[in-house]
Amino acid sequence: MASVWEYANPKKFIETTDRILPWVAGLAVVTLVGGLIWGFFFTPADYRQGSTVKIIYLHVPSALMAINAWLMMLVASLIWIVRRHHVSALAARAAAPVGAVMTVIALVTGAIWGQPMWGTWWAWDPRLTSFLILFLFYLGYIALWQAIENDDTAADLTSVLCLVGSVFAVLSRYAVNFWNQGLHQGASLSMDKEQNVADVFWYPLIVCMAGFVLLFVALVFLRTQTEIRARRMRALLARERLS
Amino acid sequence: MELIADNLAVARGGVRVLEGVSFRLAAGRALILRGPNGSGKTTLLRTVAGLQPAAAGRISLDREAMAYAGHADGIKAPLSVAENLTFWARMFGQAGIDTALTAFDLRGLADRRAGTLSAGQKRRLGLARMIVTGRPVWVMDEPTVSLDASAVALFADAVRAHLATGGMALLATHIDLGLPEAAVLDVAPYRATAQVGDAFDADFDEVAA
Amino acid sequence: MIALLSRDLALAVRAGGGFGLGLAFFLIVVVLVPFGVGPDEALHARIASGILWLGALLACLLSLDRIFALDFEDGSLDLLATAPLPTEALVSVKAAAHWLVTGLPLVAAAPVLAILLNLPAMGYGALVLSLLLGTPALSVIGTFGAALTVGIKRGGLLMSLLVLPLYVPTLIFGAEAARRGAEGLDWTTPMLMLAGITCGVIAVLPFASAAVLRVNLR
């Protein structure tokens, strides 16, 4: 069995992702379109929340990916710090804007949902507040990457920021919980099926979540490839200048 | 004690500028680096001083043996000359600053605020710092900038006194210091072969891979 | 280490050292807030602890870029890196000096400024204690931000963007403890959490600060 670190080689990474990217992207489209149509048109309206409940098919998967994208960046940063694979640093860099957009989608859909439910677009509810703070972390991370010219330095600094930021993000989550108990329905709409999401909502939701995961993977592959190709091009141009 | 650089390569901003630099510097000897602007003298000195990692190769002494003087003197304008020197002496665990004040003729200026010194006087203060470090290897980048002829003579005397006590000096300079015993190393032949980019980009170079 | 601390303190109190600027900023924030929210004194009393915490936090933030920038520009930071002092100790001393110069005066000034905002009498103890426990965390976290951005020209705004999210837990527990004190509630839990955060960042964060400072200096 070949080592997983083989894929840290840029060439191998591009070859492999080139082969699987169409499948991942295609599956993402199929699951997203399928899951959303199923969720929007073929599920009953909730007896309390009416049709507004259907926004969960966007809200929950994007919130899930907002957190998972940060976790992926954390893992990639650790790999960079320990093994110094350039592809790993670039993958973390590539994932950040995707995660930030997921966070925005979660926040906006949350606000749209909150208006009819709570009678307000924005409430300083712990979950919403935590996502807002997470968004600030994404912004800082992206801004730091852009502020530094030398890629090695930028990769080092952003990796440490990602590590420290992760600790503080968790701390903030607890602090915000402590600060305001909140209006948000408990853990109902996350992974915990038993609680109060009926099967009829749950199955299309799973499909949508799978769709968002696939979409995220496809986007990160694509963006990492772009980063790699940009550097290949720079290397080729430099080589041409030399000869 | 001996300073040996073995097949050293140094990089600026991730791009190698010098390769295959080797030299030996015995106790009591000085080595003067020469080369045109941008040839990598500063980068080599910073690497030897331990301020940045070498891209390849080995240096026999670690940074604990080095005292470095670069283009900036690290002088705090609000503090007096004596306070500036005392601070560095304490940071390096040394006691007196008298020798240093005398060697660079700073005695009369000891109580002046460093911010009011002329450029040459500031430089003398920056060089006096080398003495209070108590370190055996002086690594100096263009130490004589803005010094007048008599100050250059003071500096040469200080280096000679340092060498006489078994110290070493590695310096980059363009002018004649009056140190005929010092060896000279021209860095031009060690210029690194041109590369396609910094270390990060080079990993993505298909042709090389 | 003591040499470095006393030099930084001496530099801060000499001309142009910026000592007192943070205090003046703190005063101005507290003076401006009533203009912004109206002259309702009952409202002032209710938000006093939060305003004082926020003012102290912003005053800390403003002075962060001085921690390394001045030493970086005049070359001292390179020379300090060659001195027989671990980088971890260097950043810890820098954070301590920042706290002594900025944080501690803010703690001392807060009760005076609290009078301007009609803070209820029973709130003073919790306010001062929470600031005393919390401002060291602000200095240590700020030192990390300053070390991250030391090589970047005009990095002040970027540093604010990086540091402010990291200040969230400290602010929440600190302001919560002070608010509970002002309302006569039990403030033990947030105060202990605040103390925990401060101890935690003092113990761990200097390693991260030293790591990024070494990256920026190479």
Top residue by heavy-atom pair count (under 4.5 Å) with chain C, among B:His71, B:Glu64, B:Arg46?
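Of B:His71, B:Glu64, B:Arg46, B:Arg46 has the most heavy-atom pairs under 4.5 Å with chain C.
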Would you say that more than 12 heavy atoms from the other residues, nucleotides or ligands in this model lie under 6.0 Å from the [atom1] of [X], or not?
X        : atom1 : answer
B:Arg112 : CZ    : yes
B:Arg29  : CZ    : no
C:Met193 : CE    : no
B:Arg34  : CZ    : yes
C:Leu157 : CG    : no

For the [atom1] atom of [X] and the [atom2] atom of [Y], what is their distance to the nearest 0.5 Å?
X       : Y       : atom1 : atom2 : value
C:Leu79 : B:Met91 : CG    : CE    : 10.5 Å
B:Ile75 : C:Asp74 : CD1   : CG    : 8.5 Å
C:Leu11 : B:Phe87 : CG    : CZ    : 8.5 Å

Among C:Leu217, C:Leu85, C:Asp71, which residue forms the greatest number of heavy-atom pairs with chain B at distances under 4.5 Å?
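Result: the option with the highest number of such pairs is C:Asp71.
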Give me the atom names and distance for the closest heavy-atom approach of B:Phe92 to C:Pro84.
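Closest heavy-atom pair between B:Phe92 and C:Pro84: CD2-CD, 3.6 Å.
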Distance-minimising heavy-atom pair for B:Ala72 and C:Gly75:
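Result for this residue pair: CB-CA, 3.7 Å.
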Side chain to side chain contact (heavy atoms under 4.5 Å, CB included) assessment of B:Leu79 paired with C:Arg7:
CA-CA 9 Å; B:Leu79 302 181; C:Arg7 181 196 72 151; 3.8 Å; yes
Structural part of C:Leu70 lying under 4.5 Å from a heavy atom of chain B:
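Its backbone and side chain both get close to chain B.
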May I ask you to test the C:Arg214-B:Pro53 pair for a side-chain heavy-atom distance under 4.5 Å?
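The answer is no; the side chains never approach within 4.5 Å.
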